[in-house]
Participant: 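For reference, the structure I am asking about is given below.
Atom set for the values below is all heavy atoms of this structure, side chains included, hydrogens, waters and symmetry mates excluded. Just so you know, ligand 1 is whichever comes first in the structure, and atom 1 is the first atom listed for that ligand.
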Amino acid sequence: MRAVAKTEPGPGASLVEMDLRPPRAGEVRLKIEVAAICGSDVHVYNWAPRVARSDMDLPVVMGHEYCGTVLEVGPGVTHLQPGDRVAGETHLPCGDCYQCRIGKQHICQNLRIVGRHVDGCFAAEMVVPAIGTYRLPPDVPAEAAAVLEPLGCGVRPLLDEAVAGATVAVLGAGPIGLFAIAGARALGAAEVFATNRSEFRLDLAAAMGATVCLNPTREDVVRAVLERTGGVGADIVLESSGNPEALLQGLRLLRKGGTVLLIGMPSAPVELDLASQVILKEAVLRGFHGREMFRTWERVVPMVRRGAIPTAPVITHRLPLADFEEGFAAAVERRAGKVLLLP
Ligand code: ZN
């Protein structure tokens with residue numbers, strides 16, 4: 001079968017022909033219906049410094065966001081059978097470490113990542129541990145299912161916050177930020193600010209429910225939020241851009257006692273004025289690594305099924321798998337939302 005693989009350190013990837021082994025104990029073999037390019041795939045593709053320093057196993061088939069159909073189950077897999085449709089959960093926990101035993105599998109001590117440590121979904125088929133899949137209700141369309149993983153990333157941080165009636169500022173309007181905007185609205189936020197340097201992405205933010213769209217290249221985001229909130233600031237800031245400057249602005253536009261939810265991965269260490277921006281402000285900063293397994297899924301999938309969180313506006317590109325180079329180029333354009341690859 002054909003697959004897009006990272007075969008050696010350095011930028012780029014290769015279209016390869018490979019044989020798939022049968023599923024072992026606890027694994028399933030899937031037919032990939034739709035795959036999607038994640039920002040982290042772009043970092044792997046470009047061989048970003050953080051990736052180059054990581055423990056990635058090469059060669060490896062890239063990709064971890066997908067909708068697939070079960071073709072075959074390995075020994076011991078009882079909750080899935082051929083014909084079941086699944087979406088990809090990227091985290092592969094060991095099931096036995098301290099975090100796994102206290103119900104925090106998604107931050108397993110021995111965490112492995114699909115598309116980095118085991119072969120991923122940019123392929124016609126894949127073999128993957130069943131724990132890394134989520135069985136879908138029949139009424140979730142394949143394209144929506146393929147983006148549930150980033151959708152869960154964006155919405156999860158909000159699920160345990162008092163969002164109803166609150167003012168939420170979502171910094172960055174890539175796919176995860178866009179899903180966070182829709183999630184904030186679905187959870188009852190009174191006002192949702194969106195920021196992005198791209199007018200195209202701000203239009204997507206408006207389509208996903210942002211009430212105020214701000215372009216930091218044209219306006220002072222901090223001042224705009226403070227003005228609109230009577231000088232109080234936002235109750236919740238969700239940082240999805242990974243831009244250190246955006247995070248520093250987020251702390252300044254946060255109200256006293258507010259909460260910053262961190263999802264975007266800064267490319268370099270960030271220097272904070274803890275005294276004025278966190279301690280005296282009694283700000284809460286929380287980091288999030290993907291979705292809780294599988295509490296996030298059980299809470300966001302019904303919201304998608306009932307139309308409370310749309311997925312269609314975010315999906316802007318659909319390309320055959322063989323055109324992956326074009327897909328990776330499109331994924332970093334400012335006129336793109338989610339880029340799908342069709343095996
Ligand atoms: Zn573990």
Participant: Taking salt bridge (charged side-chain N to carboxylate O under 4.0 Å, His left out) as the definition, give me every residue that meets it alongside R101, ordered by chain and number, with sequence neighbours left out.
Facilitator: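 For R101 there are no salt bridge (charged side-chain N to carboxylate O under 4.0 Å, His left out) partners, ignoring immediate neighbours.
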
Participant: Using a strict 4.0 Å threshold on nitrogen-to-oxygen distance, state whether R185 and E191 make a salt bridge.
Facilitator: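 No, no charged N to carboxylate O under 4.0 Å.
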
Participant: Is a salt bridge present between D57 and R116, judged by a nitrogen-to-oxygen distance below 4.0 Å?
Facilitator: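 Between R116 and D57 there is no salt bridge, as every charged N stays at least 4.0 Å from the carboxylate O atoms.
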
Participant: Does K338 pair with E143 as a salt bridge, N-O distance under 4.0 Å?
Facilitator: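 No, no charged N to carboxylate O under 4.0 Å.
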
Participant: Is any NZ, NE, NH1 or NH2 atom of the basic residue among E282 and K256 found under 4.0 Å from an Asp or Glu carboxylate oxygen of the other?
Facilitator: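 Answer for the salt bridge query: no.
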
Participant: Please determine whether a side-chain nitrogen of the Lys or Arg among R299 and E292 lies less than 4.0 Å from a carboxylate oxygen of the Asp or Glu.
Facilitator: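 Looking at E292 together with R299, the answer is no, because their closest N to O distance does not fall below 4.0 Å.
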
Participant: What are the protein N, O or S atoms, given as residue plus atom name, that sit under 2.8 Å from the Zn ion (ligand 1)?
Facilitator: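 Near the Zn ion (ligand 1), the protein supplies C94 SG, C97 SG, C100 SG, C108 SG.
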
